[in-house]
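Got a structure for you, questions after.
Within every chain, numbering begins at 1; the chains are lettered A, B, ... in the order of the sequence lines, protein sequences first and strands thereafter.
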Protein chains: 2
Amino acid sequence: MPGPVQSIERAAAILRVLASGRLGLVEVANSLGLAKATTHGILRTLQGVGFVEQDRATGKYQLGAALLHLGSSYLDANELRSRAINWADSLAARSGEAVHIGRILGTEVLIVHHVFRPDDTLQALEIGALLPAHASALGKVLLAFDAGAAEATLAAPLISFTRRTIVSARAMTRELTQVRERGWASETGEMVVDQASVAAPIRGHGGLVVGAIGVTGPAERIGDDLHGSSRAALVALVRDVARAVSRDLGGSRG
Amino acid sequence: MPGPVQSIERAAAILRVLASGRLGLVEVANSLGLAKATTHGILRTLQGVGFVEQDRATGKYQLGAALLHLGSSYLDANELRSRAINWADSLAARSGEAVHIGRILGTEVLIVHHVFRPDDTLQALEIGALLPAHASALGKVLLAFDAGAAEATLAAPLISFTRRTIVSARAMTRELTQVRERGWASETGEMVVDQASVAAPIRGHGGLVVGAIGVTGPAERIGDDLHGSSRAALVALVRDVARAVSRDLGGSRG
DNA sequence: AACGTGGGACGACATTGTCGAACGTTCTGC
DNA sequence: GCAGAACGTTCGACAATGTCGTCCCACGTT
């Protein structure tokens with residue numbers, strides 16, 4: 001490999017560290033084990049290109065505005081998102097719940113699109129946010145069809161968010177097998193108490209799973225504990241929409 | 001200056017080029033005057049850190065998912081935005097128009113927040129988008145109070161979007177002086193025909209202008225040609241909200 | 001008022017990134 | 001269906017480039 005440009009990797013690591021908030025020079029340097037001067041040079045360069053900004057008053061560094069534009073440019077170029085947007089609106093309208101579209105990023109789920117629940121106005125926009133893969137329906141779908149991501153996720157301890165969160169690697173492996181077999185995933189109160197979600201895979205060219213789409217809402221309307229036709233209808237709805245997106249996505253070459 | 005890390009600057013330039021869409025290796029290399037192998041090495045590194053993705057089928061490169069998360073992390077840390085959000089909702093409700101909050105990024109205006117027009121549901125989310133500074137009310141405000149950005153913007157020819165776009169540097173200088181004097185800016189059909197906007201500055205610690213907030217809508221409701229009390233009331237409303245945000249922002253240290 | 005901390009600058013060393021050239025593969029056009 | 005070109009990729013060598021230890025300065029603290 002004649003490539004891996006060290007300084008760029010370090011710059012990326014610095015940006016990732018800064019994503020957690022405002023930090024001082026030495027804090028950044030220490031958390032990455034870099035020399036102060038080296039960190040300073042990289043930070044200065046990142047500042048020059050607008051990826052990092054410095055608070056004049058405190059001297060602390062934070063992410064820069066140029067990243068916001070790049071992030072939104074990513075969304076513009078993202079075919080999964082552009083194809084799925086219309087279907088997501090339709091799913092939200094028909095299910096009456098909030099809709100999320102996500103893809104894998106490392107061992108987490110990156111939300112690339114979010115439709116608010118139709119009746120509810122005060123919600124936070126979650127585009128760009130990261131969800132734990134093992135505690136969300138979207139994440140279970142994505143892990144079930146991405147062996148690499150699944151392995152990476154199971155390599156580390158699974159963080160517990162509620163009493164229902166699946167923390168055992170064996171249980172998770174079983175769960176993923178089931179998801180793979182039936183073609184959809186669910187989660188009830190595993191991330192947030194009394195919140196549940198259902199999701200299904202979106203496939204791109206050649207049947208490869210490139211993302212997932214799902215609905216999220218109160219456990220009493222979506223949860224596993226709810227048996228009967230309404231739950232089955234919801235699952236069918238989500239799966240239908242996911243298949244529709246897949247069809248759109250597979251049809252044309254990007 | 002012992003810093004400017006060349007490879008990082010080049011990587012940033014590559015990302016900026018890729019923001020315009022999917023590009024091949026040689027296209028990127030040529031547009032930056034870099035050797036093919038150098039470009040390849042940087043792209044590979046960026047791919048490794050998730051800032052760039054490669055289409056397996058076509059070999060073309062595009063921006064990566066990690067940037068979306070960094071972009072949204074920027075928003076989370078952005079104090080201008082977090083303080084202004086509540087006021088923006090209120091402004092949208094009271095004016096009945098779409099509200100934008102922006103800040104300067106180079107010679108353009110970066111939208112950091114966007115509230116849809118209350119009655120209209122089908123609108124595109126513009127957070128992260130760039131507006132031309134000379135053809136938007138937000139931009140005029142920001143340029144009026146940022147001499148550096150104004151100079152940089154006037155150094156290049158002003159692009160014409162409609163017949164009403166101000167393209168003369170002298171006329172723009174006059175306009176900016178007026179904006180500075182009266183404390184708000186407007187634009188009528190200068191960017192999009194029959195669309196108009198009004199904006200006012202947001203000041204941070206020490207009275208420095210750190211952003212702008214404004215409303216956008218049909219020229220017949222917002223435009224300069226509209227004289228009378230409704231226009232004056234709208235301007236007063238925007239200015240009041242801008243001052244309120246400034247007060248919030250100046251109160252606490254970040 | 002002295003101290004400690006944090007951000008910033010300098011200069012030397014060798015690590016590290018860059019480049020020209022060559023390879024294999026995939027589309028294009030005849 | 002074949003030749004040609006264009007593209008992404010790899011290789012190896014040179015020196016340009018980034019890195020690090022050290023020192024400096026300003027601010028807030030004890």
Tell me whether the guanidinium CZ or amine NZ of B:R182 lies under 6.0 angstrom from the six-membered ring centre of B:W184 and within 45° of its axis.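 Cation-pi check for B:R182 and B:W184: passes.
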Length of the line joining A:L34:CG and D:dT19:P, which is rounded to integer Å: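 Result: 8 Å.
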A:L23 or B:A35: which one's nearest nucleotide on DNA chain C is closer to the 5' end?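 Per heavy-atom nearest nucleotide, the more 5' residue is A:L23.
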What's the CD1-C1' distance between A:I42 and D:dT17, to the nearest Å?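 So the CD1-C1' distance, A:I42 to D:dT17, works out to 13 Å.
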A:L25 has its side chain closest, among C:dG8, D:dG8, C:dT18, to C:dG8
Can you figure out which of D:dT19, C:dC10, C:dA21 approaches the side chain of B:A37 most closely? C:dA21
For the student: nearest non-hydrogen atoms of A:A152 and A:T107, plus distance: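 Taking A:A152 first and A:T107 second, the nearest heavy atoms are CB-CG2, 3.7 Å.
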Less than 4.5 Å apart, side chain to side chain, heavy atoms only: is that true for B:E9 and A:T45? yes
Measure NZ/A:K60 against P/C:dG6 and give the value in whole Å, please. 8 Å
Sugar-phosphate only, base, or nothing, as touched by B:Q54 at under 4.0 Å among non-hydrogen atoms: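 Sugar-phosphate: the residue B:Q54, judged by heavy atoms under 4.0 Å, touches backbone atoms but no base.
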Is any side-chain N or O of B:Q6 closer than 4.0 Å to OP1 or OP2 of C:dG17?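 So the side chain of B:Q6 is outside the cut-off, no N or O lying under 4.0 Å from OP1 or OP2 of C:dG17.
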OP1 or OP2 of D:dT9 less than 4.0 angstrom from a side-chain nitrogen or oxygen of B:H40, does that happen here?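 Result: yes.
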Rounded to the nearest angstrom, tell me the gap between atom CD in A:E9 and atom P in D:dG18. 15 Å
Atom CG in B:L70, atom CZ in B:F51: separation rounded to 0.5 Å?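 If we round to the nearest 0.5 Å, B:L70:CG and B:F51:CZ are 5.0 Å apart.
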Rounded to whole angstrom units, what separation is found between the CZ atom of B:R44 and the P atom of D:dC7?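 Going from B:R44 (CZ) to D:dC7 (P), I get 20 Å.
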Under 6.0 Å from the ring centre and within 45 degrees of the ring axis: does the NZ or CZ of B:R203 meet both conditions for the six-membered ring of B:F145?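 Yes, B:R203 and B:F145 form such a contact.
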Using a heavy-atom cut-off of 4.0 Å across all strands, would you classify B:T38 as base, sugar-phosphate, or nothing? base
Donor-acceptor pair under 3.5 Å: do we get one between A:K36's side chain and the base of C:dG6? no
Starting at CG of B:D55 and ending at P of C:dT26, how long is that distance when rounded to a whole Å? 15 Å
Length of the CG-P vector between B:N30 and C:dC19, whole Å: 13 Å
Measure CD1/A:I8 against P/D:dT19 and give the value in whole Å, please.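 It is 10 Å, rounded to the nearest whole Å.
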Determine: side-chain N/O of B:Y61 to OP1/OP2 of D:dT9, distance under 4.0 Å, yes or no.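 Result: yes.
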